[in-house]
Amino acid sequence: MIRTMIVEVIVDVAAYPIDRPFDYIVPEAFQTTIERGIRVKVPFGRRKVVGYVTNIKNESELALSKLRPIEELIDIEPVLSEEQLMLSRWLATETLAYQIDALQVMLPAAMRAKYDKFIVVQDSEKIQDENFQRLLAGRKRIPLSAINDAGLFRILKSYVAEEIVTVDTAVQQQVDVKKVRTIHIEEKEKLLQVKETIQQNAIRQIELIDWLIEHAGQSVQAKQIFEATGIQSNVLKTMIERGAAQETYEEVYREPTSPELQDVPIPEKLTDEQDQALHPIRQAIMDDRHETFLLHGITGSGKTEVYLQAITKVLEKGQEAIVLVPEISLTPQMTARFKARFGQLVAVLHSALSAGEKYDEWRKIHRGEVKVVVGARSAIFAPFENIGIIILDEEHESTYKQEESPRYHARDVAIKRSEYYKCPVLLGSATPSLESYARASKDVYTLLTLKNRAKSQQLPEVEVVDMRQQLKSGNRSMFSIPLAEAIRERLERNEQSVLFLNRRGFSSFVLCRDCGTTVECPNCDISLTYHRAHELLKCHYCGHEERVPTVCPQCESEHIRFFGTGTQKVEEEIAKIFPDARVIRMDVDTTRRKGAHERLLRQFSEGKADILLGTQMIAKGLDFPNITLVGVLAADTTLHLADFRAAEKTFQLMTQVSGRAGRHELPGEVYIQTYSPEHYAIELAKEQHYEPFYQMEMQSRRQFGYPPFYFFTLIQFSHEDVLKVSDFANRGTTFLRGNLSSNTVIIGPTAAAISRVNNRYRYQCLIKYKKEPKLTETLQQLIRMYRTDWIKSGLIMTVDVDPMSIF
DNA sequence: AGCACGCCGACT
DNA sequence: GTCGGCGTGCTC
């Protein structure tokens, strides 16, 4: 029976009026194959685009004559499951993103379509222009870009007008399945027959047939034959033509080479505490019950082992597990441990993988060839269909929030997915985010606690050094006397030290000592950062670069010099004080290259350096037995940021960093240098006293009406024209004031902390609320005004629900 | 977002 | 008189 079959398709066009399903007719040929979650190629206006089938039905609100047919199925099987389709709808609503963005974020980047334009000659007899003819060289279809390059655009246009030539958009997959040429060798008998037909003087052919006879009946890669025999491809070709073998192209996975750090001994006996924490998690797994656990375990308390054993349980049940880590390349030791435990069942989604490699890992997951995924934020969308547990390690990390559309938090997605699969979520941290701990306190989450280090090592001895005292007693170096002394001791004892410099303090800027001018970015409202390696000043916001000035651009004084402390400068100072110390520096400059991170860490673990000097990136995951000293050079730099999470971040960082020392037999020592030693974030981090810190910080959050007492939504406006941006910010804020409930606090519009970036002026407006039922609806209206009207005048507006910072 | 249609200024 | 500027409107 023939029936009209209609599908709803979300097309790959991110624009406001397009952000809804479009109906298409399914040609009969596709009717048995088409499913929800399949990608299709459809005509859209005058072009062809990729779309996602989100629904199948047999009638449309539109007249049938208005519908156009689907042109092609891109997939045979759905690339998105029913659950993922639902998840994408939820994601789009929650984060106020386009549905297409919410769909695409679930797939590897390589699956995003690329569009190429071609010109197609309809009537080659009518092409009169010689240059055009020469370019075509008899072809009927060439890339449009070739026309542009040859400067024949005008002629093309006239041909298009006369319909001699048409323009065609082609949808392209960025990467294909990698295929390897495989040779299936015939049986010996057949090969001997073939050998008879070879002429005596065809030495190469005889050589090859003899090799093939030795490997009769096998299937080998062509590459292996070439390597083993040294013969050329054409000889093999002849042999195939003579019937000695058959060739096929077989699908293979690209083998990403993962860093092999030292193996971690397999099963570990749990401590009583770990066992107690594991118990309720296992119970939830066995009961098929959704429950969110917050595992609060001090550094070195063995959270990872709890994860591993929970996953073991999940695998026994025949289910799958997702493990999120903040930044995969920073935790090679952790991933190595998962690989050691679960071997081939683990897929690791590195940020360093190529697009093709990521695609291959995605396919392994999709096909069910692996059962455990370890990866950063986007791995939360891993295409499993029977999830048994989702784990977020270091759940407080801000990298779990995506800073572009869709602006989702992996924790929220984890909970949403686990509700669907009726499985537990495990949030682990030594320093939980206030939000999560508050939820645990209110029994929204189940709190599990590990108070002791797993190998019952002592927590490191932490000393807070008051740098004001150092300054008073005449020490103007960036190393306090106690820290310098401690480093000296380690060098003598052949133990290792880690020196940590907060990222924000990493910038060093240029200041004129006569007039006080700092050299600022011409496009942004921020000082330029000095980069020693290329003797350049760079802007970290827009990428502007310039030469270091020799005189002050304001007063032409020569007394212009660098201020602030960068890793490079620290490295130089170490070289001065400890000329024999071997230093490995890890920062954005030294780890830019692929694999550099792992290489530097390996060198350090092999004892090829005495001091590891680095930024933020060395704060987590480092676990080497010989580290007995950790130094924080300037703890204040994160503390005084104009951010409501500044204290929380500082506490977390200090605790994380301290946790790097003395994790094994040797006891550890930590020095925290600061100008504000009395600050509770620093005082309490010293003893890893999370609970008192939580209480103090909650008090201050309540007082100022910050999260978790209030929810935030941040609206940012930017425009080249300072007057226009303030005007739109005003209009937007007024609209919100008029439409949100009276209990909701709306702050702004105010100029952003960095009031200009890339020559665009920035304003913002902050919405604070406890309960705001009209929020989504009101924001949608605001976005509609922006996208249908304001956007035309060059305004950029972004809406961030639950922002990580309110800069 | 693209892409085409359509209505007014500076050039062959 | 035409080329081309970008305002407006639509895409199943």
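Every chain is numbered from 1 and lettered A, B, ... according to where its sequence line falls, protein lines coming before strand lines.
Within the nucleic acid shown, A:F44 comes within 4.0 Å of at least one base atom, counting heavy atoms only. Residue A:P21 is out of contact with every strand shown, counting any heavy-atom pair closer than 4.0 Å. At a threshold of 4.0 angstrom between heavy atoms, the contacts of A:I6 with the nucleic acid are absent. At a threshold of 4.0 angstrom between heavy atoms, the contacts of A:R787 with the nucleic acid are absent.
Taking atom NZ of A:K66 as the reference point, atom C1' of C:dC10 lies 10 Å away to the nearest angstrom. As rounded to whole Å, 16 Å separates atom C1' of C:dC12 from atom CG of A:D12. As a whole-Å value, the separation of A:K41 NZ from C:dC12 C1' is 18 Å. Atom CZ of A:R46 is separated from atom P of B:dA4 by 6 Å (rounded to the nearest Å). In this structure, A:K48 atom NZ and C:dC12 atom P are separated by 12 Å, rounded to whole Å. Per the geometry, CD1 belonging to A:I25 stands 12 Å off P belonging to C:dC12, to the nearest Å. One atom, CG of A:L62, and another, C1' of C:dC10, lie 13 Å apart when rounded to the nearest Å. If you measure from atom OH of A:Y16 to atom P of C:dC10, you get 16 Å, rounded to the nearest angstrom.
Under the 4.0 Å criterion applied to side-chain N and carboxylate O atoms, A:R363 and A:D360 are assigned as salt-bridge partners. Salt-bridge annotation for A:R112 and A:D12: absent, with no side-chain N of the basic residue lying under 4.0 Å from a carboxylate O of the acidic one. Ion pairing of A:R645 with A:E435 is present here, as a side-chain N (NZ or NE/NH1/NH2) and a carboxylate O approach within less than 4.0 Å.
Proximity of A:V801 to A:F711: side-chain heavy atoms (C-beta onward) are nowhere separated by under 4.5 Å.
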